[in-house]
Protein chains: 2
Amino acid sequence: MNQSYRLSSVEIATYAKVMSDPTRLLIIKLVSKKEYCVCQFVEMFEMSQPSISQHLKKLKSFGLVEETRRGQWRFYSLNTASDAIGIVHAIINHISDQDERYIELINKERPVDCG
Amino acid sequence: MNQSYRLSSVEIATYAKVMSDPTRLLIIKLVSKKEYCVCQFVEMFEMSQPSISQHLKKLKSFGLVEETRRGQWRFYSLNTASDAIGIVHAIINHISDQDERYIELINKERPVDCG
DNA sequence: TTTATATATAAGTAAATGGTTATATAAATG
DNA sequence: CATTTATATAACCATTTACTTATATATAAA
């Protein structure tokens with residue numbers, strides 16, 4: 001592992017907490033592959049829009065995701081320039097590819113303009 | 001990475017939460033090298049004995065540490081047989097060796113019978 | 001067998017967390 | 001400009017968290 005990816009124990013604890021919510025953890029796993037807009041998350045997670053927005057706000061405030069506005073939508077993607085990119089990948093790499101919840105989410109995914 | 005170390009997203013989120021407290025994270029890093037008794041942690045962390053005991057109880061209840069009783073002391077060590085051993089190592093490997101808090105702890109370490 | 005030591009547990013509490021409903025904002029569309 | 005759509009934010013609330021103090025337990029030592 002690249003030494004530059006190592007952080008203080010307080011930072012690691014902080015990032016671990018940010019990723020310790022199952023919704024946020026799966027959002028991170030999803031955006032590590034491609035970008036998603038808020039309405040897609042709302043459909044996939046079957047959660048309220050404010051709840052999703054608040055999770056995204058937390059992920060953004062800790063620098064884990066980036067937001068880009070396009071038309072009426074805001075797209076979120078992994079911030080690969082984050083100091084935490086090392087620990088983020090380390091954690092999501094430990095999620096099984098057969099994770100039931102993740103597979104369910106992917107199956108519910110719809111193109112943006114369908115929402 | 002060994003596929004057998006992969007867990008569900010809910011499990012990973014759960015273990016991330018257990019390790020998201022700075023005290024517990026550093027306890028895990030310490031016991032990954034050698035065993036410690038409760039009174040050593042109390043001295044090193046300069047925290048109350050009940051607080052340390054409660055953190056250890058949580059780590060033990062999630063299977064991350066093992067307890068062995070010897071005389072009047074209870075020694076805690078990393079449970080290397082844990083399902084979570086992969087994610088545990090992944091996380092603590094991201095803590096810098098120069099972490100200030102960790103170095104402070106090590107400097108305060110005293111042999112058991114000195115307590 | 002009393003006393004000291006190491007640790008656990010219980011009960012209480014302030015702060016943080018993650019949801020809810022209601023409302024604000026900002027872009028697209030008629 | 002008025003309305004719809006996508007998203008954010010605010011206010012509220014129940015639950016969880018991590019500490020505190022007080023007490024229980026179990027081993028060691030006197």
Round to a whole Å and report the spacing from [atom1] of [X] to [atom2] of [N].
X	N	atom1	atom2	value
A:Lys17	C:dA16	NZ	C1'	7 Å
A:Trp73	C:dT29	CH2	C1'	12 Å
B:Leu59	D:dT17	CG	P	13 Å

Q) For B:Ala16 and A:Met19, which heavy atoms make the closest approach, and how far apart are they? A)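 Closest pair (atom of B:Ala16, atom of A:Met19, distance): CB-O, 4.3 Å.
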
Q: Check whether A:Ile27 and A:Ile106 end up in the same hydrophobic cluster, where Ile, Leu, Val, Met, Phe, Trp and Tyr are linked by side-chain heavy atoms less than 4.5 Å apart.
A: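 Yes, one cluster joins them.
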
Q) How would you list all residue pairs meeting salt bridge (Lys or Arg N to Asp or Glu O under 4.0 Å) that involve residues 59-73 of chain B, not counting sequence neighbours? A)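 Listed by first then second residue: B:Glu35-B:Arg70, B:Lys60-B:Glu67, B:Glu67-B:Arg69, B:Glu67-B:Arg74.
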
(Q) Give me each pair satisfying salt bridge (Lys or Arg N to Asp or Glu O under 4.0 Å) with a member in residues 14-28 of chain B, each pair once, sequence neighbours excluded. (A)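 Every pair satisfying salt bridge (Lys or Arg N to Asp or Glu O under 4.0 Å) with a residue in residues 14-28 of chain B: there are none.
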
What's touching nucleotides 10-12 of chain C from the protein side, N or O pairs under 3.5 Å?
unit_1, atom_1, unit_2, atom_2, d
C:dA10, N6, B:Gln54, NE2, 3.3

Q: Look only at the side chain of A:Gln40 and the backbone of A:Arg110, and say whether a donor-acceptor pair between them is shorter than 3.5 Å.
A: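 Checked: pair present.
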
Q. Does A:Ser32 use its side chain to pair, donor to acceptor, with the backbone of A:Lys29 at less than 3.5 Å?
A.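 Judged by distance alone, yes, a pair lies under 3.5 Å.
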
Q. C:dT7, D:dT9, D:dA6: which one has an atom nearest the side-chain heavy atoms of A:Ser53?
A.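 Looking only at heavy atoms from C-beta outward on A:Ser53, the closest nucleotide is D:dT9.
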
(Q) Is there a side-chain contact between B:Ser51 and the phosphate of D:dA18, meaning an N or O under 4.0 Å from OP1 or OP2? (A)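 So the side chain of B:Ser51 is outside the cut-off, no N or O lying under 4.0 Å from OP1 or OP2 of D:dA18.
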
Q. So does B:His55 get a side-chain nitrogen or oxygen closer than 4.0 Å to the phosphate oxygens (OP1/OP2) of D:dT17?
A.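 So the side-chain polar atoms of B:His55 never come under 4.0 Å of the phosphate oxygens OP1 or OP2 of D:dT17.
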
Q: Report yes or no: is there a donor-acceptor pair, N or O only, under 3.5 Å between the side chain of A:Gln49 and the base of D:dA6?
A: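 Not at all, since no donor on one side and acceptor on the other fall under 3.5 Å apart.
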
Report the residues that fulfil side chain to side chain donor-acceptor pair (under 3.5 Å) with [X], sequence neighbours left out, ordered by chain and then residue number.
X	value
B:Glu11	B:Ser8
A:Glu109	A:Lys34, A:Tyr36
A:Lys58	none
B:Asn79	none

May I ask you to say what [X] touches in the nucleic acid, namely base, sugar-phosphate or nothing, with a heavy-atom cut-off under 4.0 Å?
X	answer
A:Lys60	nothing
B:Phe75	nothing
A:Tyr76	sugar-phosphate

Q.
Which is more 5' along DNA chain C, the nucleotide nearest B:Leu56 or the one nearest A:Met47? Just name the residue.
A.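 Looking at DNA chain C, the more 5' nearest nucleotide goes with B:Leu56.
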
Q: Could you check B:Arg74 against A:Gln40 and say which one's nearest nucleotide on DNA chain D is further toward the 5' end?
A: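 Mapping each residue to its closest nucleotide by heavy atoms, the 5'-most match is A:Gln40.
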
**Q.** Side-chain heavy atoms of B:Tyr76 within contact of B:Leu59, under 4.5 Å
**A.**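 Heavy-atom side-chain distance check fails, nothing below 4.5 Å.
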
Q) For DNA chain D, what dot-bracket results from Watson-Crick or G-U pairs at under 3.5 Å, with [ ] for crossers and | for inter-strand partners? A) ||||||||||||||||||||||||||||||

**Q.** Sub-4.0 Å heavy-atom contacts from residues 18-38 of chain A onto DNA chain D, ordered by number
**A.**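 Heavy-atom contacts with DNA chain D come from A:Cys37, A:Val38.
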
Q | With sequence neighbours excluded, residues passing ring-ring contact (aromatic ring centres under 6.0 Å, His included) with B:Tyr15 | A |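 So B:Tyr15 forms no ring-ring contact (aromatic ring centres under 6.0 Å, His included) with any residue.
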
(Q) Using a 4.0 Å cut-off on heavy atoms, which residues in residues 62-72 of chain B reach DNA chain C? List them by number, or say none. (A)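 Listed by number, they are B:Glu67, B:Gln72.
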
Kindly list each side-chain donor-acceptor pair under 3.5 angstrom involving residues 82-94 of chain B, sequence neighbours excluded, with atom names and distances?
unit_1, atom_1, unit_2, atom_2, d
B:Ser82, OG, B:Ala84, N, 2.8
B:His89, ND1, B:Ile85, O, 3.4
B:Asn93, ND2, B:His89, O, 3.2
B:His94, ND1, B:Ala90, O, 2.8
B:His94, NE2, A:Gly86, O, 3.4

Q: Evaluate side chain to side chain contact (heavy atoms under 4.5 Å, CB included) for B:Phe45 paired with B:Glu104, printing each intermediate quantity in order.
A: CA-CA 9 Å; B:Phe45 285 93; B:Glu104 274 175 32; over 6 Å; no

